[in-house]
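All remarks here apply to the structure that follows.
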Amino acid sequence: PAKRVVGPSTDSDGRAFVDAMRADGMSESDLALLGRLQSAPYDKQCQVGLHIMRAIDRLPAETGDRVYTRIIMTDG
């Protein structure tokens, strides 16, 4: 995986990611925190972070790579 070329994420990647988070049991209120997670209490940050990682794991490898890259490259 380290040598794989990862392209930019797409709208369909984003939809698949949100669907995967919902399938993992993430609530709509937790989804609403995604743009401002750093302001949430630490326990909520951890809970949402687990949903994020499990959702990425549910995605096909190439989609998961693009989503994960987008997350780590996005400031804040």
Side-chain angles (χ1 to χ4, degrees):
K3 294 183 180 188
R4 220 172 17 221
V5 175
V6 178
S9 62
T10 64
D11 288 343
S12 63
D13 291 340
R15 286 189 296 274
F17 180 49
V18 170
D19 290 345
M21 287 187 288
R22 286 184 176 130
D24 189 60
M26 192 167 180
S27 69
E28 293 302 314
S29 62
D30 286 350
L31 280 168
L33 287 174
L34 289 178
R36 51 191 172 85
L37 191 55
Q38 291 178 331
S39 65
Y42 292 127
D43 61 329
K44 183 57 73 173
Q45 290 180 32
C46 290
Q47 181 183 14
V48 170
L50 288 172
H51 282 299
I52 289 170
M53 296 311 295
R54 288 191 299 249
I56 289 171
D57 194 45
R58 288 175 176 265
L59 297 171
E62 289 183 5
T63 305
D65 287 351
R66 289 189 299 268
V67 168
Y68 189 66
T69 298
R70 172 87 184 251
I71 290 170
I72 62 173
M73 298 300 290
T74 302
D75 184 29

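On a predicted model such as this, the values are computed, not experimentally measured, just so you know. All values below come from the heavy atoms of this structure, side chains included, with hydrogens, waters and symmetry mates left out.
Looking at Arg66 and Glu62, their side chains come closer than 4.5 Å, going by heavy atoms from C-beta outward. Contact check for Met21 versus Leu34: side-chain heavy atoms found under the 4.5 Å cut-off.
Looking at residues two or more places apart in sequence or on another chain, you find no side chain to side chain donor-acceptor pair (under 3.5 Å) involving Gln45. Legend: residues meeting side chain to side chain contact (heavy atoms under 4.5 Å, CB included) with Pro8, ordered by chain and number and at least two apart, are absent. Under the rule for a side chain to side chain contact (heavy atoms under 4.5 Å, CB included), the partners of Arg54 that lie at least two apart in sequence or sit in another chain are Asp24, Leu50, His51. Residues satisfying the side chain to side chain contact (heavy atoms under 4.5 Å, CB included) criterion with Ser12, sequence neighbours excluded, are Thr10, Arg15. For Arg58, there are no side chain to side chain donor-acceptor pair (under 3.5 Å) partners at least two apart in sequence or on another chain. Looking at residues two or more places apart in sequence or on another chain, you find no side chain to side chain donor-acceptor pair (under 3.5 Å) involving Ser39.
With hydrogens and angles ignored, the 3.5 Å screen pairs a side-chain donor or acceptor of Thr69 with a backbone N or O of Asp65.
Taking both residues in full, the closest heavy atoms of Ala55 and Ala20 are given as O-CB, 3.6 Å, listed atom of the first, atom of the second, then distance.
Note that the OH atom of Tyr68 and the CG atom of Leu59 stand 13.5 Å from one another [nearest 0.5 Å]. Separation of atoms CZ (Arg22) and CG (Leu31) is listed at 5.5 Å; rounding is to 0.5 Å. Within the model, atoms CD1 of Ile56 and CZ of Phe17 stand 5.0 Å from one another, a figure rounded to the nearest 0.5 Å. In this structure, the separation between CD on Gln47 and CG on Leu33 is 9.5 Å, given to the nearest 0.5 Å.
Cluster annotation: Met26 and Tyr42 are assigned to distinct hydrophobic clusters (Ile/Leu/Val/Met/Phe/Trp/Tyr, side-chain heavy-atom contacts under 4.5 Å, transitive).
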